[in-house]
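Below is one structure, written out as structure tokens; the observations come after it.
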2 protein chains.
Amino acid sequence: MELKRGTDGEKGFEKVFAFLRERLLAGSLKPGDRLISERELATLLGVSRPIVREALRALTVLGIVEIRDRIGTVVTRPDVSVLNDFFTFALAQQADMLDDVMQARVAIECQAIRLACERANIADFERLQRALAKIGETIDEADAGGLADFDFHRAIVVASHSETLTVLHSSMAGLLTHSHRSRRELVQAFPSMKTYLIDDHRRIFEAIIARDPERADATLRKHFAIGDEYRRRAVVGDVDKTSASG
Amino acid sequence: MELKRGTDGEKGFEKVFAFLRERLLAGSLKPGDRLISERELATLLGVSRPIVREALRALTVLGIVEIRDRIGTVVTRPDVSVLNDFFTFALAQQADMLDDVMQARVAIECQAIRLACERANIADFERLQRALAKIGETIDEADAGGLADFDFHRAIVVASHSETLTVLHSSMAGLLTHSHRSRRELVQAFPSMKTYLIDDHRRIFEAIIARDPERADATLRKHFAIGDEYRRRAVVGDVDKTSASG
DNA sequence: GTCAGCATACTGGTCTGACCAAGATCAGAC
DNA sequence: GTCTGATCTTGGTCAGACCAGTATGCTGAC
């Protein structure tokens, strides 16, 4: 990595950032710790306060520290929001990335569901069941339905008890909700989707209950594939109730 | 999202950040564009220059813009380094996260290999083949061997032609190299690993050549599982040449 | 002795204005 | 028309200042 040893060579910002990074990585600065004040840091490193603020702000957007007004700067546990921001920006500038992100989402979820089969506990099962029920109840509503769909999938990832997977998954949350919602809007055009949505999710749920990773993965994968298929058909205007297309 | 409409309410930093974020997300600021100068931005938004710098610095660490000394600030294509930084920091503070990250790595790679089966071209095949050969050549070297191993796996992800997967994968590169290297050190203790390493990678390669996603995924997954198994046995000192354990 | 209340030191949040070094630009010399 | 150099502009940084609240501790009342 480009972890330059920061004795003196760097410019102001780099110096402060490297200084803090070292402590952070070495563990001498742990979550919960309060940093010394901006002024002290400035004099300590021989830079001006604005520079210190730049470094602190940088760490803030990275979710490493939190600047509390009139309190001080404290080290926080790494947060998701960074990835969220990143994906948000990245996506805005490359719309074609959306399909890519969906692939990543599939990757995360399929791995999560395998872990979920091993690690899920009663609470996870209950959460999944509730989400499943909600999907059935909101099948005709685009907004609520999309949310229920999203909740179910999130419940899968949560059940994996893997923080990293959860973080990655939720970092794509913004995009996923869009996707889920638009999928629900397709329900109007594709009545057959209702069965697909309900049955698929139920089958996925059952596979987790059965603690069968292979089946769960395969079912989930198929679920995504069918969703893609519907979306493709929607694009070409091939609706199953032979209505007019755009 | 917390995309507050930034007319005036926010504090200085938020105001500038929100202002730029809007342009970035709306697409009026595209990669390659040069922002107006810090001074102009400051007067335009009614804040001081240090504040503007904070916002620009924040965007910099997010990999959205690049501040070029004495040139100006330009919008860049979203970069991996953010995720790299994030994972680096996150991992430093939660060592237990490493296993989690490995799970994410498996997720990414298994998805990537499926895509690779569909999308890989001749160049990808050749890259894989070269990496495979390298693995055979460097089987007795810890460093070079670890690198060759890593290259092969990266080649898989590259062959998926999915930028997001590639980004995610390489963001975990730092950790993966460690993992690959320590695995190679195990080779000393487990002579049987040589066969495992070479044969497994070859089987993976063949599955991609055959363009069989299911087989490729399954083989890769098994590959990881066996690696885990070796690592577990190493921890408990169960070496296959009945040598002394630590 | 205890506790409320206020003064003060300290913190982040921000601004102003200034200086430096070097790329960018354009006028003027050739 | 081209080349060169002064000037403008840009980022990089600093110093010092003010504000608004927090935290602390001292003081005085009880």
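Letters A, B, ... mirror the listed sequences (proteins, then strands); counts begin at 1.
Partners of A:Asp69 by salt bridge (charged side-chain N to carboxylate O under 4.0 Å, His left out), not counting sequence neighbours: none found. Applying the side-chain contact (heavy atoms from CB on, under 4.5 Å) test to A:Ala144 and every residue at least two apart in sequence or in another chain returns A:Thr138, A:Glu141. Under the rule for a side-chain contact (heavy atoms from CB on, under 4.5 Å), the partners of A:Val158 that lie at least two apart in sequence or sit in another chain are A:Asp124, A:Arg127, A:Arg154. For A:Glu66, the salt bridge (charged side-chain N to carboxylate O under 4.0 Å, His left out) criterion is met by A:Arg68, not counting sequence neighbours. Residues passing the salt bridge (charged side-chain N to carboxylate O under 4.0 Å, His left out) test with B:Arg49, sequence neighbours excluded: B:Glu38.
Taking atom CG of residue B:Leu45 and atom P of nucleotide C:dC15, one finds them 11 Å apart after rounding to whole Å. Counting to the nearest Å, the C1' atom of C:dT11 and the CG atom of A:Leu56 are 12 Å from each other. The distance from atom CD of B:Glu66 to atom P of D:dT10 is 18 Å, rounded to the nearest whole Å. D:dT9 atom P lies 17 Å from atom CG of B:Leu41, rounded to whole Å. Following rounding to the nearest Å, A:Arg68 (CZ) and C:dT11 (P) show an atom-to-atom distance of 16 Å. In this structure, B:Ile51 atom CD1 and C:dG12 atom P are separated by 14 Å, rounded to whole Å. When the P atom of C:dA22 is taken as reference, atom CD1 of B:Ile67 falls 19 Å away, rounded to whole Å.
B:Glu40 comes within 4.0 angstrom of the backbone, heavy atoms only, and of no base. When heavy atoms are screened at a 4.0 angstrom cut-off, A:Glu54 is found touching no nucleic acid atom at all.
Here D:dG11 is the nucleotide among C:dC15, D:dG11, C:dG12 with the atom lying nearest to any side-chain atom of B:Ser37. Listed nucleotides: C:dG12, C:dT11, C:dT14. Nearest to the side chain of A:Glu38: C:dG12.
Around atom CZ of A:Arg119, more than 12 heavy atoms belonging to other residues, nucleotides or ligands sit under 6.0 Å away.
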Show each protein N/O and nucleotides 15-25 of chain D N/O combination with a separation under 3.5 Å, one pair to a line.
{"residue": "D:dG21", "atom": "O3'", "partner": "A:Arg70", "partner atom": "NH1", "Å": "3.4"}

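At least one side-chain nitrogen or oxygen of A:Thr73 sits closer than 4.0 Å to the OP1 or OP2 atom of C:dG12.
Ring planes of B:His223 and B:His153: parallel class, angle under 30° (limits at 30 and 60°).
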